[in-house]
Amino acid sequence: MEYNFNELEPKWQAWWRDNQTYKVDIDGSKPHFYVLDMFPYPSGAGLHVGHPLGYIASDIYARYKRLRGYNVLHPMGYDAYGLPAEQYAIQTGQHPAVTTEHNIARYREQLDKIGFSFDWSREVRTCDPSYYKWTQWTFIQLFNSYYCNQASQARPIAELVDVFAKQGTEGLDVACTEQLSFSADEWNSWDAAKRSQVLMNYRLAYLADIPVNWCAELGTVLANDEVVGGVSVRGGYPVERKLMRQWSLRITAYAQRLVDGLDQVDWTDSLKEIQRNWIGRSEGAAVWFPIKGCGDQQAAFEIFTTRPDTIFGVTFMVLCPEHELISSITTPDRKTEVEDYVAWAKNRSERERQAEVKKVSGVFTGAYAINPLTNEQIPIWVSDYVLAGYGTGAIMAVPAHDSRDFAFARHFELPIRQVVAPEPDAVSDPATWDESLDSKTGYSVNSGFVSGMKVKEAMAAVINKIEEMGIGRRTVNYRLRDAIFSRQRYWGEPFPVYYKNGIPCTIPEQCLPLELPEVKDFKPTATGEPPLGHAEIWAWDEKNCKVVNKNLIDNETVFPLELSTMPGFAGSSGYYMRYMDPHNNNAYFSKDAVDYWQNVDLYVGGAEHGTGHLIYARFWNKFLFDLGLAVREEPFQKLINQGMIQGRSNFVYRSKTDNNLFISKNVESRPANTVPIHVDINIVDNDVLDIERFRQWRPEFKDAKFELEDGKYICGWEVEKMSKSMFNVQNPDDLVARYGADTLRLYEMFLGPIEQAKPWDTNGIEGVFRFLKKFWRLYDNVSTAEPTKAELKILHQTIKKVTEDIERFSFNTSVSTFMICANDLTAAKTDKMAVLEPLVVLIAPFAPHIAEELWHRLGHTESVCAAQWPKCDEQYLVEDSFTYPVSFNGKMRFTISLPASVSQTEAIAAVTSSPDCQKWLAGATPKKVIFVPKKIINIVY
RNA sequence: GCGGAUAUGGCGUAAUUGGUAGCCGCGCCAGACUUAGGAUCUGGUUCCGAAAGGAGUGGGGGUUCAAAUCCCCCUAUCCGCACCA
């Protein structure tokens, strides 16, 4: 029988679909396991071979867990909202919903061909109203919550309202935008508008004027993780800082829990580190510095430092250009210069600023602060190396021990004073230094009461002192910023928000979903409003709880609705929970479902989401946890990052003198006389060019001539990004058509460790294909004869190795193991049922189609998915004898074969009395004999 | 600049976690069966050397009877963050 994958694969794919083989429900009699892939954004380009890499790995694990008796939830869906479909709509007028629907159909077709075991009855799409209903619902809960620092959890905002009415802000310890202070009387005297404004300071979803990343080209704001190097991740358009009124999520309230949670999950260290860096927790102190002679009042400003121990070395202060104090403290003679500088700094784009990090700029305000510990006067400067967004936007500069302060001091010839030294007496003149001494190891010097202390002790001593004096406190700062949640775009979730005479209100939960309205035009309106400004039916009738035409707005019962939509990460932050109970119309997910499935046991996806989706989803989940909905605080227990698949481009070499002549890669004269040009990898096989297809590829090559080597044209290659313009995109469908899905699956795994980035290279796929054909042939005539001990050994070795490999996600070595097994069995000419049957189960996670076919041929009527994972019987692995290499002083000299049953002493005796050993020892007594069971015997003499 | 990772044949990789380096696959070489083969099977293939032998896991040092594996110092590549006080 020939291995006819073209017939067999569609047959079983249809059979699985018709029998709902992968449909899963809550089943208390079985242990649960949840395997999740990062759902794809359905782009117009379709899948390339990089996409399925992670899906294949997770599918193998999901199938394996099923065979081990687990009830496995393995769903798939689409992250369907996003910019490309909208950009396409702007260009062509085609509705994003149509584009998205079309792309999803294409994705589904491609995915189905690879034979995944997804439970498609649980599919979710973020753009589906029955799904985004719950995205909107979560937003309303965030809006109606504040974060209590004492309880370390989100609480209903109503509680806070009660507190304000009773005691104002007295004793309050909650997350907020700025520290407010008011009494109960004040609160009670305020009107609804003022109270709403104050509450915005505390809500977890809040509206505020904040500096945002504005991308004019895309017409929208972007989150920090959507901007890299001053340009947008999508499109690479310039991004500027701009103050805008935007919805934000107070993710900073969860900063500490986001750091702590990393210790509870099984992720790679590198990804945990990426998240820790992004959150950027740093411990230090906040200190108030009074300003000298600022009227009668003792004005002061707060700084943040991680080096309180260096406070005796402060020689100037620096405020960021946005600092509110600048205008009031600047002396009249410095006014023009300072104003010019501030204006210049504000007008610089983010890209310019980042590009010129090394350039030192700044200006003196003319004002002085007082060092609270030394009473010295310290000049106050303004410079853009101090950032408004971090700490308090003001620093105490210690040029001797901070490289940036050092550069600034050198540039403006400000004094530098050493207050830390590697040894208590190792003090030198900072004027002779080439760089600052930033290390935190060493001793304080010239530092009053902390002189002589180690840096760590000095830090604690200074903090204690300033706390005692009431001018500062120990504090923690985070680099993490609140997440900007508004996008001035069409294709996203509408906010369930309307504006009642300026006061934002959420629509009642029972009215959800608030469906995305139709618009005539996907561009911003003439007045600069977001695209939803074009929608006619887009106003909220409060009385009747429904969306109505916006010309009915009277601001008494009918109000305008929010025109922004939510960002891409809104829909992807909680989709994994929705899969647990995707059709529930009364809740995000039922209590039964979450109690059973708990959280995602295994999540597979790219590390590029480390500072975006994977942070937002953790935040979202912690919030759901605080609401009592999620039962586990961390959403993704184990995370595997599949490496990026790069492209492997092929080149032909065109002669510089003859445009029609192409010279093969290894022809000696080639390098100097040719230019490489990209050639489509689909007309190259193992770096050998298909000359006929090349001539047909493009009209200008139709008369191409070739200088060959060994009768072949050999192409050059290089690793580049996989992209259409490099002609190196490998489409999985082509490979499925040529080799079958099982070969593609095995080959993608065989390519190398799952976490490693690697170029796509089809050169080895033949080997995997040969293996499957060889495996198939093993089943030509299956006999019921008893297998030999040797055959059973091969089987049980394979069971052991494959099981271990899957458990540690080392799928490339499992494929090797299968190949060794097939080679061994072919050599042994095995046709024994008892050996071959378990092997079908073993290979089923990797090559489900061939396994299903063989399983049925062996007489089963149920799916191989219902089989049991074979057990390894160790008795077959025990060796009769072992061959020990014997070495002298570490050098291998001879080997000796001994029965497996001999003891250590017997083995050593056998070796030392052997003629070979006697020869080497030459009568000497061994100093030491090292015996490593089943490995080696080593003699030191 | 800071942080993380990686480095093994012509290529992708493996090494029971300190125990005979190079499994498996590609490619290449030779052979068998074939009218033929983009089919199948067998053998060989780290390098130098005709061989005996020697060298060898990016480079240098160290620990150890024994190091690809552990420690120190370099070098290169990739990734993340980047004026974060």
Base, sugar-phosphate or nothing for [X]? Non-hydrogen atoms, less than 4.0 Å.
X	answer
A:Ser403	nothing
A:Ile820	sugar-phosphate
A:Ile930	base
A:Gln756	sugar-phosphate
A:Pro753	sugar-phosphate
A:Asp405	nothing
A:Leu751	sugar-phosphate

Would you mind pulling out the nucleotide paired to [N], Watson-Crick or G-U wobble, both distances under 3.5 Å?
N	result
B:rU57	none
B:rC11	B:rG25
B:rG80	B:rC2
B:rA32	B:rU40
B:rU16	none
B:rA85	none

Within this structure, what is the [atom1]-to-[atom2] distance between [X] and [N], rounded to whole angstrom?
X	N	atom1	atom2	value
A:Arg738	B:rG38	CZ	C1'	8 Å
A:Glu807	B:rU16	CD	P	18 Å
A:Glu273	B:rC78	CD	C1'	17 Å
A:Leu772	B:rU40	CG	P	12 Å
A:Asp269	B:rG80	CG	P	18 Å
A:Trp278	B:rC79	CH2	P	17 Å

- Is there side-chain contact between A:Val455 and A:Thr441, with heavy atoms separated by less than 4.5 Å? no

- Item | Comparing A:Val386 and A:Lys774 on RNA chain B - which has the more 5′ nearest nucleotide | A:Lys774

- Residue mapping more 5' on RNA chain B - nearest nucleotide basis, A:Ser810 or A:Asn823: A:Ser810

- Message: Could you check B:rU17 for me: syn (within 90° of 0) or anti?
- Response: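 Judged by the O4'-C1' to base torsion, B:rU17 sits in syn, the angle falling within 90° of 0.
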
- Message: Syn or anti for B:rG44? Use the chi torsion, O4'-C1'-N9-C4 for purines and O4'-C1'-N1-C2 for pyrimidines, with syn inside 90° of 0.
- Response: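 It is anti.
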
- Query: When you check the phosphate oxygens OP1 and OP2 of B:rC41, does a side-chain N or O of A:Arg777 lie under 4.0 Å from one of them?
  - Reply: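 Yes, within the criterion.
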
Taking 4.0 angstrom as the limit, do [X] and [Y] come out as a salt bridge?
X	Y	answer
A:Glu804	A:Lys800	yes
A:Arg473	A:Glu302	yes
A:Lys801	A:Asp805	yes

- Query: Less than 3.5 Å between a donor and an acceptor, one on the side chain of A:Asn938 and one on the base of B:rC65, is that the case here?
  - Reply: yes

- When you measure from the side chain of A:Arg770, which nucleotide among B:rU40, B:rA85, B:rA15 comes out closest? B:rU40

- Query: Of all heavy-atom pairs between A:Gly647 and A:Pro759, which one has the smallest distance, and what is that distance?
  - Reply: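 For A:Gly647 and A:Pro759, the tightest heavy-atom pair comes out as O-CB, 4.2 Å.
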
- Task: Check each of A:Ile799, A:Leu825, A:Ile820 against A:Ile794 using the side chain to side chain contact (heavy atoms under 4.5 Å, CB included) test, and report the only one that passes.
- Result: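 The side chain to side chain contact (heavy atoms under 4.5 Å, CB included) with A:Ile794 is passed solely by A:Leu825 among A:Ile799, A:Leu825, A:Ile820.
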
